[in-house]
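Comments concern the structure below.
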Amino acid sequence: MSRTVLIMAHTGRPGAVTSARLVIRQLEEAGIGVRVLEDEAEDIGCAKAEVCPAAPDASEGAELVIVLGGDGTLLRGAELTRETGTPVLGVNLGHVGFLAEAERADLAAVAGRVVAGEYEVEERMAIDVVVRHNGTDHRTWALNEASVEKVARERLLQLVVGIDGRPLSHWGCDGVVVATPTGSTAYAFSAGGPVVWPEVEAMLVVPISAHALFARPLVVSPASTVAVEVTQENEGAVLWCDGRRTVDLPPGARVEVRRSEVPVRLARLHLTPFTDRLVTKFGLPVAGWRGRVRTQER
């Protein structure tokens, strides 16, 4: 059976375009079909590649999606693969790049591993998000987080947060982040939330600059439903999902977040412990560690 790989790149970065061409060349030389998105095809300039619209079915029938860029580019890739279940493999050409599996220096090896089929796939928990207002529902989702944020910079946002149908607290704040373990190292981390290992099944509720006696980050069950209500005294708010999709929240709107039944599938080349990823990505000091280092067996 023929193999096809979808290539996505942050075409605003010359390095990403060059990297995409390198990977495409290696895949085509190995007899693997290449697909590129319509809005990236001209910049990448691959004459033999199949060109398709940037739609939710863009990865239909593809074995893998290789994303070249930062975490934002990978999140875009997740949008185009979640419905089809196609695994996403990220090559970090940005800054921290927590979602990426490889760095720019690994590029040639990445293509080789894909050609050989030497990768594993892991599933990451996503969240479903429903906005309810005046009898209408708007549904969306996120891999990292859903955040309710203020629109007016000069005013606090008045929110009531509830868990599993019970009110928890009223916060005057800049907003609230509801994150997955994958998103714990993204916006939730910047807001002061805990780092959660990816294999832990939980949701995080992290208030942003809350003026309240009880405003600590919370870790709740993955079976819970988190509700954030925008009270009537607000001028309005906005919902951001993964920093990519927005929904306006008028006064009285209610946002409900729960675990999604549909995960995002990430391709992995290395079975690197998450602890090591933290140390590498954040440059954490580990000098003086005297513990015994063991090779993980999987």
Side-chain angles (χ1 to χ4, degrees), residues 70-72 75 94-96 98-99 124-133 138 140-164 166-198 200 202-222 224-260 278 281-282:
D71 279 352
L75 288 169
H95 299 290
V96 178
F98 241 103
L99 291 172
R124 292 291 184 91
M125 170 183 161
I127 49 178
D128 286 331
V129 185
V130 182
V131 177
R132 305 188 189 278
H133 185 251
H138 179 92
T140 184
W141 71 283
L143 171 60
N144 273 351
E145 76 280 312
S147 62
V148 176
E149 302 177 34
K150 64 181 184 179
V151 174
R153 178 180 176 84
E154 70 278 5
R155 297 187 60 182
L156 288 178
L157 185 59
Q158 302 298 325
L159 302 174
V160 179
V161 176
I163 310 291
D164 296 329
R166 303 300 301 165
L168 175 71
S169 187
H170 182 137
W171 290 332
C173 55
D174 286 351
V176 175
V177 179
V178 183
T180 66
T182 298
S184 72
T185 52
Y187 194 176
F189 176 82
S190 299
V195 173
V196 179
W197 265 236
V200 175
M203 289 190 296
L204 310 183
V205 181
V206 184
I208 307 171
S209 302
H211 290 251
L213 179 63
F214 180 82
R216 301 297 184 189
L218 307 174
V219 181
V220 303
S221 165
S224 291
T225 297
V226 178
V228 181
E229 297 182 349
V230 181
T231 62
Q232 293 291 346
E233 64 261 41
N234 292 283
E235 295 180 357
V238 63
L239 168 71
W240 283 90
C241 288
D242 286 341
R244 294 185 52 80
R245 299 175 296 281
T246 64
V247 181
D248 290 333
L249 302 174
R254 175 186 174 93
V255 178
E256 295 178 358
V257 183
R258 55 178 56 86
R259 177 182 183 164
S260 175
L278 282 178
K281 295 294 184 180
F282 290 133

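All values reported here derive from a predicted model rather than from experimental measurement. Along the sequence shown, the residues carry numbers beginning at 1.
- Checking side-chain atoms of S260 against main-chain N and O of A126 turns up no donor-acceptor pair under 3.5 Å.
- Rounded to the nearest 0.5 Å, atoms CD (Q158) and NE2 (H211) are 10.0 Å apart.
- Of all the heavy atoms in V129 and C241, the pair that sits closest is CG2-SG, 4.2 Å.
- A distance of 11.0 Å separates CZ in R216 from CG in L218, rounded to the nearest 0.5 Å.
- Heavy atoms only, all atoms of each residue included: A210 and A215 are closest at CB-CB, 3.6 Å.
- The shortest distance between side-chain heavy atoms of T231 and H170 falls below 4.5 Å.
- Minimum interatomic distance between L157 and A237 (heavy atoms only, all atoms of both residues): CD1-CB, 3.7 Å.
- Using cut-offs of 30° and 60° for the angle between ring planes, the F282 and F189 rings count as parallel.
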Check residues 247-257 and write down every donor-acceptor pair under 3.5 Å in which the side-chain atom is one partner and the other belongs to a residue at least two apart or another chain.
| from | atom 1 | to | atom 2 | distance (Å) |
| --- | --- | --- | --- | --- |
| R254 | NE | E256 | OE2 | 2.7 |
| R254 | NH1 | E229 | OE2 | 2.3 |
| E256 | OE1 | R132 | NE | 3.0 |
| E256 | OE1 | R132 | NH2 | 3.2 |
| E256 | OE2 | R132 | NE | 3.3 |

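- Residue F98 comes nearest to D71 through the heavy atom pair N-OD2, 3.0 Å, listed as atom of the first residue, atom of the second, then distance.
- A donor-acceptor pair is defined here as one N or O able to donate and one able to accept, closer than 3.5 Å; such a pair exists between the side chain of T180 and the backbone of T182.
- Here the closest heavy-atom approach between residue E233 and residue R155 is recorded as O-NH2, 3.7 Å.
- Rounded to the nearest 0.5 angstrom, T185 OG1 and K281 NZ are separated by 10.0 Å.
- The distance from the CG atom of D242 to the CD1 atom of I127 is 7.5 Å, given to the nearest 0.5 Å.
- At distances below 3.5 Å, at least one donor-acceptor pair connects side-chain atoms of W171 with backbone N or O atoms of F214.
- Looking at C173 and I208, their side chains never come closer than 4.5 Å, going by heavy atoms from C-beta outward.
- Checking V178, I163, D164 one by one against V220, the side-chain contact (heavy atoms from CB on, under 4.5 Å) holds for a single residue, I163.
- In this structure, K150 pairs ionically with D174, as a charged nitrogen and a carboxylate oxygen lie closer than 4.0 Å.
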Just distance, no hydrogens or angles: give the donor-acceptor pairs under 3.5 Å from side chains in residues 140-148, sequence neighbours left out.
| from | atom 1 | to | atom 2 | distance (Å) |
| --- | --- | --- | --- | --- |
| T140 | OG1 | R245 | NE | 3.4 |
| S147 | OG | E149 | OE2 | 2.7 |

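- Side-chain contact check for V177 versus L204: every heavy-atom pair is 4.5 Å or farther apart.
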